[in-house]
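Reading through the structure tokens given below for one structure.
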Amino acid sequence: MLLDGKVALVTGASRGIGRAIAEDLAANGARVAVNYHSNAEAATVVIAAIEASGGTAIAIQADVSRYDEANRLIVETIKQFGHIDILVNNAGTTRDTLLMMMNEDQWDTVLDTNLKSVFNCCKAVVRPMVRRKQGGRIINITSVVGLMGQGGQTNYAASKAGIIGFTKSLAKEIGSRNITVNAIAPGFFPTDLTATLDDEMMKGIIDFTPLGRMGTPEEVAYMVTFLASDRAAFITGETIRIDGGLAM
Ligand code: NAP
């Protein structure tokens, strides 16, 4: 299989896009650490689904917005599986409101969960990856909102645009170690994150999407698996949109 012998860690893999990513990596032969924040029950369901399909996975609780917890997550994954080949920074959240209404906590929560978490997990994983001398893959989930902007999401857009700059910079730093760093920018997908959008807004987004529909979490997962594989060995610093053409 494409990822036989590989170990992957997916942050925020108890639900939505992260769950689909964890399941597809496992279906392609990787042993997967499924990180979650507070939803232990959902993480257990993901582990059971992976095991039922013949894969190997463990669940690890950690708040990746916190430096010490992200470090513990990396240490625990290496302790359980021996090393990490693939890190997928997927955990994310929203606190949508107009800037004039936005409070400091709404700004900090989104920046810490979406952007600082990427720093936290990369910081903890890069040294062991470099020391192992087997290369590696880091895949960061950004958003088309980081490319286009979106009213009511200054915090979210800033966090996701930050991920794109971070991805390019780290790709330049560790390319010589055969570690690739790429980002995926999803458009709109039906998950808990977008469940609060009203029907009119959803219709507007779909009308603006050339392919005329939302994506499925699996459609992001397939790209993650490709970027994680040897087939993507010469791709780094890239941001790939999976958005049905929305941000074209
Ligand atoms: P979701 O359904 O709301 O799931 C969020 C996941 O992140 C959950 O597993 C949650 O864990 C985890 N999480 C949240 N805060 C965390 C923290 N501090 N530490 C560890 N895990 C944490 O979201 P989604 O729609 O699948 O989104 C996944 C990623 O795709 C996010 O980065 C999001 O910004 C991005 N994205 C989504 C869309 C979309 O349309 N859905 C579009 C573009 C980009 P618990 O279950 O334990 O709470």
Side-chain angles (χ1 to χ4, degrees), residues 9-24 32-47 59-74 76-77 87-96 108-121 124 139-150 153 155-164 166-167 183-197 201-202 205-206 208-209 213-221 223-224 239-244 246-247:
L9 165 61
V10 185
T11 69
S14 47
R15 296 184 274 130
I17 292 172
R19 174 181 177 163
I21 292 169
E23 291 188 356
D24 199 59
V32 181
V34 169
N35 159 250
Y36 66 98
H37 181 206
S38 48
N39 209 333
E41 210 177 308
T44 307
V45 172
V46 180
I47 303 302
I60 304 178
Q61 190 283 331
D63 176 355
V64 290
S65 71
R66 297 174 55 123
Y67 186 82
D68 51 346
E69 293 204 19
N71 195 57
R72 173 176 59 74
L73 172 63
I74 302 294
E76 184 64 25
T77 305
L87 167 65
V88 184
N89 286 304
N90 165 80
T93 196
T94 53
R95 295 289 185 279
D96 295 352
D108 287 345
T109 299
V110 171
L111 269 288
D112 288 354
T113 305
N114 297 4
L115 181 58
K116 191 176 178 217
S117 64
V118 176
F119 162 74
N120 290 342
C121 292
I139 299 157
N140 300 321
I141 306 301
T142 175
S143 166
V144 291
V145 169
L147 298 165
M148 304 164 72
Q150 179 68 37
Q153 290 197 313
N155 49 2
Y156 187 76
S159 71
K160 293 300 186 179
I163 287 177
I164 294 171
F166 180 99
T167 297
I184 293 175
F188 284 86
F189 292 74
T191 65
D192 294 344
L193 199 77
T194 50
T196 52
L197 298 179
M201 209 164 169
M202 291 305 262
I205 291 164
I206 290 169
F208 265 104
T209 303
R213 64 172 176 88
M214 296 180 94
T216 67
E218 290 72 24
E219 287 170 324
V220 176
M223 179 53 70
V224 171
T239 298
I240 297 168
R241 288 187 294 109
I242 302 185
D243 66 347
L246 176 63

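All heavy atoms count here, side chains included; hydrogens, waters and symmetry mates do not. In each ligand, atom 1 is the first atom listed, and ligand 1 is the first ligand listed.
- Formation of a donor-acceptor pair under 3.5 Å by the Thr94 side chain with backbone atoms of Asp96 is not found in this model.
- Using a 4.0 Å cut-off between heavy atoms, Thr194 contacts ligand 1 through its side chain alone, with no backbone atom that close.
- Ligand 1 lies within reach of Gly187, whose nearest heavy atom is under 4.0 Å from it.
- Between Tyr36 and Val46, every side-chain heavy-atom pair lies at or beyond the 4.5 Å cut-off.
- Residue Thr142 touches ligand 1 through its backbone alone, judged by heavy-atom distances below 4.0 Å.
- Taking 4.5 Å as the limit, some side-chain heavy atom of Gln61 sits within range of a side-chain heavy atom of Glu69.
- Looking at Leu87 and Cys121, their side chains come closer than 4.5 Å, going by heavy atoms from C-beta outward.
- Per-residue contacts place Ser38 under 4.0 angstrom from the following atoms of ligand 1 (heavy atoms of the residue considered): 45 (P), 47 (O), 48 (O).
- A distance-only check finds no donor-acceptor pair linking the side chain of Asn140 to the backbone of Val118 [under 3.5 Å].
- For ligand 1, the polar-atom distance check against Pro186 finds no nitrogen or oxygen pair separated by under 3.5 Å.
- Side-chain contact, Ser14 with Asn39: no donor N or O sits under 3.5 Å from an acceptor N or O.
- The distance from ligand 1 to the heavy atoms of Tyr156 drops below 4.0 Å at these ligand atoms: 33 (C), 34 (O), 35 (C), 36 (N), 43 (C), 44 (C).
- Taking every non-hydrogen atom of Tyr36 and a distance limit under 4.0 Å, the qualifying atoms of ligand 1 come out as 47 (O).
- Of all protein heavy atoms, the one lying nearest to atom 15 (N) of ligand 1 is Thr113 CG2, 3.5 Å.
- Within the structure, ligand 1 has Val64 among the residues with a heavy atom less than 4.0 angstrom away.
- When non-hydrogen atoms are compared, ligand 1 lies under 4.0 Å from neither the backbone nor the side chain of Pro217.
- Close approach of ligand 1 to Ala62 (heavy-atom distance below 4.0 Å) involves ligand atoms 19 (N), 20 (C).
- Around atom CZ of Arg66, no more than 12 heavy atoms belonging to other residues, nucleotides or ligands sit under 6.0 Å away.
- Under a 4.0 angstrom heavy-atom cut-off, Ile141 registers as being in contact with ligand 1.
- When the options Ile17, Asn140, Asn90, Thr11 are ranked by their closest heavy atom to atom 32 (O) of ligand 1, first place goes to Asn90.
- In terms of protein heavy-atom proximity, atom 5 (C) of ligand 1 is nearest to Gly92 O, 3.9 Å.
- Leu193 is not listed as a side-chain neighbour of Ile17, based on a closest heavy-atom distance of 4.5 Å or more.
- The closest side-chain heavy-atom distance from Asn89 to Val64 is not below 4.5 Å.
- Side chains of Ile163 and Thr239 form no contact here, defined as non-hydrogen atoms less than 4.5 Å apart.
- Applying the 4.0 Å criterion to heavy atoms of Asn35 picks out, from ligand 1, the atoms 20 (C), 21 (N).
- Summarising the contacts of atom 6 (C) of ligand 1 with Ser159, Ser14, Gly16, Gly12, the nearest heavy atom is found in Gly12.
- The distance from the NZ atom of Lys160 to the CD1 atom of Ile141 is 7.5 Å, given to the nearest 0.5 Å.
- Taking a cut-off of under 4.0 Å to the non-hydrogen atoms of Ala13, the atoms of ligand 1 that pass are 9 (O).
- At least one heavy atom of Lys160 sits under 4.0 Å from some atom of ligand 1.
- Using a 4.0 Å cut-off to heavy atoms of Phe188, the atoms of ligand 1 that qualify are 40 (O).
- Residue Gly215 places no heavy atom under 4.0 Å from ligand 1.
- With a heavy-atom cut-off of 4.0 Å, Arg19 does not touch ligand 1 at all.
- Counting atoms of ligand 1 from 1 in the listed order, those under 4.0 Å from a heavy atom of Asp63 are 17 (C), 18 (N), 19 (N).
- A donor-acceptor pair under 3.5 Å links the side-chain atoms of Glu219 to the main chain of Thr216, judged by distance alone.
- Ligand 1 has a nitrogen or oxygen under 3.5 angstrom from a nitrogen or oxygen of Arg15.
- With a 4.5 Å cut-off on side-chain heavy atoms, Leu73 and Thr11 count as touching.
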